[in-house]
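The structure appears right after this line, and notes come after that.
Since the structure is predicted, the reported quantities are computational estimates derived from the model, not experimental observations.
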Amino acid sequence: MNHKKYTFLDLGTVNRPYADALKEAVCRVIDSGRFIGGPEVDAFEKSMTSLCDVAHAVGVSNGLDALRLIFRAYIEIGVMQPGDEVIVPGNTFIASVLAVSDCGLVPVFVEPDPLTMNLDTRLVEAAVTSRTRAVMPVHLYGRVCYDDTLRDTATRHGLKIIEDSAQAIGATASIPGRGGSRRAGGLGDAAAFSFYPTKNIGALGDAGAVTTDDTLLADTVRRLANYGSDRQYHNIYKGLNCRLDPMQAAILSAKLPFVDRENGTRRRIASVYETTITNNAVVKPLYTDDGSAVWHQYVVRVDNRDAFRRYLADNGVETGIHYPVAPFDQPCYKEYNALELPVSRRLAATVVSLPVSGCTSETDAAEISEIINTYKAK
């Protein structure tokens with residue numbers, strides 16, 4: 001039995017390189033006396049517009065609220081109304097779906113491509129009805145879900161493309177006719193980001209952002225997030241309190257310049273797994289060496305998952321599952337529990353996340369691969 005421990009994720013280790021900058025950021029906010037809005041939030045939003053090459057970024061409280069606010073804004077400006085349909089992948093984190101239903105919209109689940117584990121864009125066309133108003137590609141595990149098929153289908157049916165970019169900051173996709181590649185958050189009509197502490201760029205608490213080139217949408221999101229007000233004590237919408245606070249904005253501004261470095265670390269670890277895992281019982285994720293994916297998770301698939309994870313745990317390797325239950329199979333969505341979505345259920349039953357972060361060295365990844373190669377499926 002191997003006595004070395006391979007941590008799945010330790011946020012103390014992840015944030016240690018930024019410790020001095022984070023402490024300086026926190027002290028700066030404390031000294032400023034400005035704890036709601038202000039220059040720290042403005043600076044973070046400006047950095048996000050630059051990163052995603054978009055006109056607008058609005059800092060908000062978390063990733064779920066970012067998505068909720070996009071849908072609420074589209075309803076307020078008359079693009080959507082309750083009862084309209086939004087196409088979503090069957091194998092996403094539940095927040096993607098909660099944002100849809102919370103706004104009175106109807107999620108329409110479409111199967112993922114088993115190769116990419118992202119929404120199968122070839123199946124979107126068949127799911128469109130007269131009530132469909134949007135499609136939500138989720139850039140799951142840090143791989144962008146965007147291609148000509150998705151764009152053409154959305155254009156043909158007048159659908160908004162709303163990116164769930166919670167796991168994909170810094171990821172890219174090649175866009176013919178739009179200057180080559182473009183980062184997640186600047187591909188569709190609007191995008192939502194999460195900066196939950198475990199993300200590639202994480203806050204020290206909850207945080208999120210909305211990015212878009214649509215000025216009206218951005219203004220509406222900003223107002224909805226601030227009690228629905230366009231000026232103090234004047235509320236034009238029945239809004240929410242979903243603002244990004246300056247402390248988290250300052251923390252994110254300290255880390256955001258290093259997004260490519262963080263993503264590069266994960267790409268190198270993924271490359272090691274790709275070249276050294278040879279066990280035929282383990283299905284590796286689709287790998288490309290173009291640097292487009294940012295590997296928020298490195299997810300393999302294996303039958304008898306519990307036995308596989310026990311074997312790795314016995315050899316010191318911590319793992320995760322993202323995600324063990326498809327959202328349409330959750331008790332809160334019992335009206336969808338009878339859907340026939342075998343690919344989504346198969347993924348939910350077989351996915352295993354391996355360590356891939358600043359906690360894992362390339363040597364660690366090679367050693368984990370060798371442990372995996374000695375696993376014998378039963």
Side-chain angles (χ1 to χ4, degrees), residues 61-72 74 80 82-124 126-129 131-146 150 159-168 184 188 190-194 196 198-199 206 208 285 296-297 299 301 305 320-353:
S61 43
N62 56 64
L64 171 56
D65 284 343
L67 283 171
R68 280 204 306 162
L69 288 162
I70 291 169
F71 288 117
R72 276 289 307 275
Y74 274 132
M80 301 178 191
D84 284 344
E85 296 172 352
V86 179
I87 293 172
V88 298
N91 63 318
T92 184
F93 180 55
I94 198 168
S96 308
V97 186
L98 291 173
V100 175
S101 60
D102 186 65
C103 293
L105 302 167
V106 179
V108 175
F109 296 95
V110 169
E111 289 274 55
D113 180 338
L115 189 63
T116 65
M117 294 184 277
N118 273 336
L119 175 70
D120 192 333
T121 59
R122 299 166 298 181
L123 303 180
V124 171
V128 175
T129 74
R131 298 297 300 171
T132 309
R133 296 293 177 268
V135 56
M136 183 195 296
V138 178
H139 306 320
L140 197 65
Y141 308 142
R143 182 190 307 279
V144 169
C145 178
Y146 189 92
L150 179 67
L159 309 180
K160 296 296 184 183
I161 297 177
I162 299 170
E163 301 172 67
D164 184 337
S165 297
Q167 301 182 7
F193 286 89
S194 168
Y196 186 75
T198 61
K199 296 297 191 287
D206 268 323
H296 174 60
Q297 302 294 346
V299 178
R301 287 170 283 162
R305 176 172 62 199
I321 304 176
H322 300 87
Y323 302 96
V325 181
F328 60 85
D329 275 334
Q330 294 285 359
C332 63
Y333 287 115
K334 58 183 180 295
E335 66 270 33
Y336 299 106
N337 289 175
L339 287 176
E340 293 294 329
L341 295 169
V343 177
S344 298
R345 288 195 175 97
R346 176 67 177 161
L347 290 176
T350 58
V351 292
V352 178
S353 301

Straight-line distance of [X] [atom1] to [Y] [atom2], nearest 0.5 Å:
X	Y	atom1	atom2	result
Y336	Q330	OH	CD	14.0 Å
L341	F328	CG	CZ	4.0 Å
L105	T132	CG	OG1	11.5 Å
H296	S194	NE2	OG	8.0 Å
E111	L123	CD	CG	7.5 Å
I94	D329	CD1	CG	10.5 Å

Q.
With ring pair (Phe, Tyr, Trp, His ring centres under 6.0 Å) as the criterion, how do Y323 and F93 come out once you've worked through the C-alpha distance, each side chain's angles and the decisive distance to 0.1 Å?
A. CA-CA 7 Å; Y323 302 96; F93 180 55; 5.2 Å; yes
Q | L140 backbone acceptor or donor facing N118 side chain under 3.5 Å | A |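 Side chain of N118 to backbone of L140: a pair is present.
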Q) Q167 side chain to Y141 main-chain N or O, any donor-acceptor pair under 3.5 Å? A)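 Checked: pair present.
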Closest non-hydrogen atom pair between [X] and [Y], with its separation:
X	Y	value
R72	C103	CG-SG, 3.6 Å
A191	S165	CB-OG, 3.9 Å
E163	L67	O-CD2, 4.3 Å
T116	R143	O-NE, 3.8 Å
A338	R345	C-NH2, 4.5 Å
A190	Y74	CB-OH, 4.3 Å

Heavy atoms from other residues, nucleotides or ligands near [atom1] of [X] exceed 12 (cutoff 6.0 Å):
X	atom1	result
Y196	OH	no
E340	CD	no
R122	CZ	no

Mind checking whether [X] and [Y] have side chains closer than 4.5 Å, heavy atoms only?
X	Y	value
P327	T92	yes
R133	K160	no
V100	M136	yes
I162	F71	yes
P137	L150	yes
P112	S344	yes
H322	V351	no
L159	V128	yes

Q. Which one of V88, D113, V135, D164 satisfies the side chain to side chain contact (heavy atoms under 4.5 Å, CB included) criterion with L119?
A.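 Of V88, D113, V135, D164, side chain to side chain contact (heavy atoms under 4.5 Å, CB included) with L119 is met by V135 alone.
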Q: Take R131 and V106 through the side-chain contact (heavy atoms from CB on, under 4.5 Å) test and state the conclusion after the steps.
A: CA-CA 9 Å; R131 298 297 300 171; V106 179; over 6 Å; no
Q.
C145 vs V138, test: side-chain contact (heavy atoms from CB on, under 4.5 Å). Steps then yes/no.
A. CA-CA 6 Å; C145 178; V138 178; over 6 Å; no
Q) salt bridge (Lys or Arg N to Asp or Glu O under 4.0 Å) with R301: which residues, sequence neighbours excluded? A)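 Once residues adjacent in sequence are excluded, R301 has no partner under the salt bridge (Lys or Arg N to Asp or Glu O under 4.0 Å) criterion.
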